[in-house]
Amino acid sequence: HDPVQTTKTSVHGAINMLGLAKRVGAKILQASTSEVYGDPQVHPQGEDYWGHVNPIGPRSCYDEGKRCAETLFFDYWRQNKLRIKVVRIFNTYGPRMHPNDGRVVSNFIVQALLGKDITVYGDGTQTRAFCYVDDMIDALARMMATGDEVTGPVNVGDPTEFSMLDLAGLVVDLVGARSKIVRKTPPTDDPRQRRPDIALAQKHLAWAPRTPLKEGLTRTVAYFDKLLADAAVRDALINEPSA
Ligand code: UDP
């Protein structure tokens with residue numbers, strides 16, 4: 001939607017927060033992302049993989065912005081002895097997602113609840129591994145509680161991989177929807193496959209996700225169902241062109 005502002009948020013935002021952390025002597029965590037691996041050529045992705053990122057594509061503003069933020073965190077750590085924590089968050093979902101931010105879990109659930117077509121981009125065989133929000137929060141809290149020697153980056157996410165067609169089928173079943181699946185043009189540089197290697201998180205945080213996708217989706221469907229009970233929200237989403 002706004003690529004320039006996306007890079008500015010990641011880079012200027014990191015500079016501002018790191019400056020503040022330095023001034024007040026605070027410990028600081030960067031919510032980095034699996035997008036730093038780009039369209040990975042190594043699978044699953046471990047933290048020592050440097051990634052495969054297009055620097056000039058329409059997705060680059062986010063990927064490169066977050067990569068630059070990681071660089072800034074490690075430079076403040078080396079140069080100013082700042083106490084940093086960097087986690088690379090893989091696809092996370094759950095209640096309170098925005099109904100139209102365009103991500104796949106919210107899109108599919110809202111589409112199914114409204115009886116609209118489910119929009120699968122490309123052939124739907126691309127994969128992601130989805131982590132439930134409560135598990136993610138637990139990992140972030142554990143990361144903040146580690147000793148200063150644990151800087152990361154540490155991958156946090158659920159290592160169980162699903163294709164977008166699997167996900168569409170699961171959502172349609174859970175909602176009991178009659179929606180049909182339609183194919184749409186895939187976004188440029190859409191990663192084909194993504195799954196975290198979470199050995200480091202297990203080691204440093206004694207953490208692994210506990211919520212199976214079906215259970216997390218059931219709670220997320222209940223959230224959106226309640227949200228869509230509000231006629232104004234529902235009407236706005238019905239009238240919006242599909243993602
Ligand atoms: N996707 C899809 N239909 C949608 C939204 C997304 O098939 O309505 C696909 C998208 O092309 C990608 C995957 O779902 O392959 C995950 O997309 P999302 O934007 O949620 O996360 P990210 O690509 O950042 O992992």
Side-chain angles (χ1 to χ4, degrees), residues 1-3 6-7 9-10 31-45 49 51-54 57-67 69 87-133 136 155-172 174-175 177 179-197 209 213 216-217 220-221 224 237-238 240-243:
H1 171 65
D2 191 345
T6 300
T7 303
T9 303
S10 285
S32 188
T33 169
S34 53
E35 295 284 324
V36 301
Y37 299 122
D39 187 5
Q41 291 172 312
V42 166
H43 200 71
Q45 293 79 54
Y49 177 49
H52 181 227
V53 176
N54 175 359
R59 204 178 178 100
S60 313
C61 55
Y62 187 65
D63 301 6
E64 297 289 20
K66 298 294 261 192
R67 287 170 68 93
V87 286
R88 292 181 178 153
I89 298 176
F90 283 63
N91 299 66
T92 299
Y93 72 98
R96 299 186 184 213
M97 289 181 91
H98 198 280
N100 56 4
D101 72 3
R103 284 185 289 168
V104 69
V105 172
S106 40
N107 271 12
F108 285 3
I109 293 178
V110 169
Q111 289 163 347
L113 285 170
L114 295 176
K116 285 182 161 186
D117 293 342
I118 307 282
T119 54
V120 168
Y121 301 161
D123 65 5
T125 59
Q126 71 272 35
T127 67
R128 296 291 187 275
F130 299 100
C131 184
Y132 188 64
V133 62
M136 180 56 60
N155 288 338
V156 281
D158 191 312
T160 323
E161 203 175 333
F162 292 86
S163 73
M164 295 312 104
L165 283 176
D166 293 336
L167 179 71
L170 254 173
V171 169
V172 168
L174 276 176
V175 171
S179 305
K180 60 179 194 312
I181 290 174
V182 295
R183 303 283 162 86
K184 293 225 170 176
T185 320
T188 310
D189 298 332
D190 195 19
R192 283 296 311 157
Q193 205 182 12
R194 198 152 68 198
R195 170 155 63 96
D197 177 335
L213 184 60
L217 283 178
T220 312
V221 167
F224 279 114
L237 287 166
I238 288 175
E240 178 161 296
S242 272

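Excluded from the calculations below are hydrogen atoms, water molecules and symmetry mates; all remaining heavy atoms, backbone and side chain alike, are included. Just so you know, ligand 1 is whichever comes first in the structure, and atom 1 is the first atom listed for that ligand.
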At a non-hydrogen distance cut-off of under 4.0 Å, which region of [X] contacts ligand 1 (side chain, backbone, both, or neither)?
| X | result |
| --- | --- |
| Glu35 | side chain |
| Thr119 | both |
| Asn91 | side chain |
| Arg103 | both |
| Arg59 | side chain |
| Pro187 | side chain |

Problem - Close side-chain approach of Tyr121 to Arg183, heavy-atom, < 4.5 Å - result: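 Counting from C-beta outward, Tyr121 and Arg183 never come under 4.5 Å.
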
Exercise for the section: Compare all side-chain heavy atoms of Leu167 with those of Phe108 and state whether any distance is below 4.5 angstrom. Expected result: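 Answer yes - side chains close enough.
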
Handout entry: ligand 1 contact by Gly102, heavy-atom criterion under 4.0 angstrom
Key =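 Yes; Gly102 lies near enough to ligand 1 that a heavy-atom distance drops under 4.0 Å.
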
Handout entry: Pair Asn54-Arg59, side chain to side chain donor-acceptor pair (under 3.5 Å): steps then yes or no
Key = CA-CA 8 Å; Asn54 175 359; Arg59 204 178 178 100; over 6 Å; no

Below 4.0 angstrom from a heavy atom of [X], which ligand 1 atoms are there? Numbered from 1 as shown, please.
| X | result |
| --- | --- |
| Gln126 | 9 (C), 11 (O), 15 (O) |
| Val120 | 7 (O) |
| Arg194 | 22 (P), 24 (O), 25 (O) |

Exercise for the section: Decide whether an N or O pair under 3.5 Å exists between Asn107 and ligand 1. Expected result: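 Yes.
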
Practice task
Could you tell me whether some N/O pair between Val104 and ligand 1 is separated by less than 3.5 angstrom?
Solution key: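 Checking ligand 1 against Val104, an N or O pair does fall under 3.5 Å apart.
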
Identify whether the distance between the nearest side-chain nitrogen and carboxylate oxygen of [X] and [Y] falls below 4.0 Å.
| X | Y | value |
| --- | --- | --- |
| Asp166 | Arg128 | no |
| Arg88 | Glu35 | no |
| Lys180 | Asp117 | yes |

Exercise for the section: Could you please spell out the steps behind the side-chain contact (heavy atoms from CB on, under 4.5 Å) verdict for Tyr37 and Val42? Expected result: CA-CA 9 Å; Tyr37 299 122; Val42 166; over 6 Å; no

Exercise for the section: Let me know which of Leu237, Val175, Val110 forms a side-chain contact (heavy atoms from CB on, under 4.5 Å) with Phe224. Expected result: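 Only match with Phe224 under side-chain contact (heavy atoms from CB on, under 4.5 Å): Val110.
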
